[in-house]
> 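Okay, handing you the structure first.
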There are 2 protein chains.
Amino acid sequence: MRKTKQREAILDELTKLCTHPSADELYGRVKKRLPRISLGTVYRNLETLSREGVIQRLDTAGSQKRFDADTGDHRHIRCIRCGRIDDLAAGADRARCDARVAKGTGYRVLGRRVEYLGVCPACGRKTGRR
Amino acid sequence: MRKTKQREAILDELTKLCTHPSADELYGRVKKRLPRISLGTVYRNLETLSREGVIQRLDTAGSQKRFDADTGDHRHIRCIRCGRIDDLAAGADRARCDARVAKGTGYRVLGRRVEYLGVCPACGRKTGRR
DNA sequence: TCGATAATAGTAATTATTACTGATAATCTA
DNA sequence: TAGATTATCAGTAATAATTACTATTATCGA
């Protein structure tokens, strides 16, 4: 994996953000630094970087994929209004749940994806508790 | 919501399946009964039926949306090999987790999406435990 | 420094889904 | 029941996110 200024800029912008941006959000940011960069380059680099384990491609629902420079074990909470995604600390007692599911279904359980859904503080303020 | 033979066929096929099919899988099935049906009709009806609460549009990751005739409260397990999705029984102690998350993030927590990932028995047999 | 080739910009193609349009058929009303 | 109303349909075009392609450029080891 060669070191290019495009790749550096993409990784740098992603690392600065804690908003778990989509490819085109990131493209918008990086373009301010490298105006000639193409969207394809952003996609390709996000793919390469996540394949190499440098970043994480989030396995969330929604029409766009999202990326995270934090590759540690943590869950996310997503706002059903604005799509914002925030971090949660990792929880405990996973092994027990997985074992129960494996027994019940015959699947070999590799993990589970947990995403809380709610309304973020900003959206909550906008529409007064609703 | 009018009763049309297209809508009936779509709902009937979805109800018969416990595989949580995507729109185009369902289209393939329904076309055997109504060869002139169009894919747009399938999409439109899945949208209408889920808006009316007759069926459920699953909030899972993956490039295609999936649908479920069972609108009861239950979770799913997805095979990372073939994409198959199976049902899990509903778990307990949710309120406690939600409260903890709400306190930690400031979100108003509405629910959470839990999807187990693993290898289904069929895929496990094919490649011998891996 | 040079050459192999990974990576790029720009564009075209693909995939899933939604929107549009004129025709058809389900339901309502007289 | 007939005729009017309009939801729904088939077929097609449009959109959005992503991936693939291609000729050119830039990285980096020898």
Side-chain angles (χ1 to χ4, degrees), chain A residues 1-14 17 19-68 78 82-85, chain B residues 1-14 17 19-68 78 82-85:
Chain A
M1 192 166 57
R2 289 183 181 169
K3 177 173 172 177
T4 67
K5 56 180 177 304
Q6 290 88 344
R7 182 163 294 160
E8 276 187 289
I10 291 165
L11 184 54
D12 184 53
E13 289 295 329
L14 180 60
L17 294 171
T19 58
H20 312 85
S22 61
D24 75 301
E25 275 172 63
L26 218 37
Y27 171 61
R29 300 244 174 193
V30 175
K31 203 156 58 167
K32 289 176 184 165
R33 290 166 59 167
L34 304 172
R36 295 189 56 80
I37 199 170
S38 76
L39 181 56
T41 297
V42 175
Y43 272 107
R44 194 171 359 85
N45 275 288
L46 289 172
E47 159 62 24
T48 303
L49 290 166
S50 60
R51 182 164 26 79
E52 300 283 327
V54 180
I55 66 171
Q56 198 185 354
R57 186 205 299 267
L58 298 189
D59 187 33
T60 62
S63 56
Q64 284 179 292
K65 282 167 189 154
R66 289 167 159 274
F67 299 86
D68 193 344
R78 174 165 57 106
C82 66
R84 178 192 173 97
I85 293 181
Chain B
M1 193 167 55
R2 289 183 181 170
K3 178 173 172 178
T4 66
K5 56 180 178 304
Q6 291 88 343
R7 182 164 294 160
E8 276 188 288
I10 291 165
L11 183 55
D12 184 53
E13 289 296 329
L14 180 59
L17 293 171
T19 57
H20 313 84
S22 61
D24 75 300
E25 274 172 62
L26 217 38
Y27 172 60
R29 300 245 174 193
V30 174
K31 203 155 59 167
K32 288 178 185 165
R33 289 166 59 167
L34 303 172
R36 295 189 57 80
I37 199 171
S38 75
L39 181 57
T41 297
V42 175
Y43 271 106
R44 192 168 4 83
N45 275 288
L46 290 171
E47 159 62 23
T48 303
L49 290 166
S50 59
R51 181 164 29 79
E52 299 283 326
V54 180
I55 67 171
Q56 198 186 353
R57 186 203 300 265
L58 298 190
D59 186 33
T60 62
S63 56
Q64 284 178 292
K65 282 168 189 153
R66 289 166 159 274
F67 299 86
D68 192 344
R78 174 164 55 107
C82 66
R84 178 191 172 100
I85 293 181

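Predicted model only: the values in this text are computed from it and were never measured. Residue numbers begin at 1 in each chain, while the letters A, B, ... track the order of the sequences.
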> B/Ser22 or A/Lys3: which one's nearest nucleotide on DNA chain C is closer to the 5' end?
A/Lys3

> Please report the distance, rounded to the nearest Å, between CZ in A/Arg36 and C1' in C/dG10.
9 Å

> Tabulate protein N/O versus nucleotide N/O from nucleotides 13-15 of chain C, keeping only pairs under 3.5 Å, one per line.
none

> Donor-acceptor check, side chain of B/Arg66 to backbone of B/His20, threshold 3.5 angstrom: yes or no?
yes

> Using a cut-off of less than 4.0 Å, is there contact between a side-chain N or O of B/Gln6 and OP1 or OP2 of C/dA25?
no

> Assuming nearest nucleotide by heavy-atom distance, tell me which of B/Gly40 and B/Thr4 is located more 5' along DNA chain D.
B/Thr4

> Does CZ belonging to B/Arg29 count more than 12 external heavy atoms closer than 6.0 Å?
no

> Any side-chain N or O of A/Arg44 less than 4.0 Å from the OP1 or OP2 oxygen of C/dA9?
no

> Is any side-chain heavy atom of B/Leu58 closer than 4.5 Å to one of B/Gln56?
yes

> Tell me the interatomic distance from B/Lys5, atom NZ, to C/dA25, atom C1', rounded to whole angstroms.
8 Å

> Tell me: CG of A/Leu39 to C1' of C/dT8, nearest whole Å?
13 Å

> Give me the atom names and distance for the closest heavy-atom approach of B/Ser22 to B/Gln64.
OG-NE2, 3.5 Å

> Quick one: label A/Asp24 by what it contacts on the DNA or RNA (base, sugar-phosphate, nothing), any heavy atom closer than 4.0 Å.
nothing

> Rounded to the Å, how far apart are A/Met1 CE and C/dA7 P?
8 Å

> Are any of the side-chain heavy atoms of B/Arg78 and A/Asp59 separated by less than 4.5 Å?
yes

> For B/Arg51, check side-chain contact (heavy atoms from CB on, under 4.5 Å) against everything at least two apart and list the hits.
B/Glu47, B/Thr48

> Looking only at side-chain atoms of A/Arg2, point me to the closest of C/dT8, C/dG10, C/dA6.
C/dA6

> Any chance you could measure A/Asn45, atom CG, to A/Glu52, atom CD, to the nearest 0.5 Å?
11.0 Å

> C/dA6 P sits how many Å from A/Glu52 CD, rounded?
13 Å

> Hey, where on DNA chain D does chain A first and last touch, going 5' to 3'? Cut-off is any atom under 4.0 Å from a heavy atom.
D/dA17 to D/dC28

> Pick the nucleotide of DNA chain C nearest each of B/Ala23 and A/Arg7; which residue has the one closer to the 5' end?
A/Arg7

> Please give, in whole Å, the distance from C/dT18 P to B/Glu47 CD?
7 Å

> As a test of understanding, state which of A/Thr4, A/Leu11, A/Ile10 forms a side chain to side chain contact (heavy atoms under 4.5 Å, CB included) with A/Arg7.
A/Thr4

> Which whole-number value in Å describes the distance from B/Glu8 CD to C/dA25 P?
15 Å

> Specify the separation, in whole Å, of atom OH of A/Tyr43 and atom C1' of C/dA7.
19 Å

> Would you say the side chain of B/Lys5 lies within less than 4.5 Å of the side chain of B/Arg33, judging by non-hydrogen atoms?
no

> Indicate yes or no: at least one non-hydrogen side-chain atom of B/Met1 is less than 4.5 angstrom from one of B/Val54.
yes

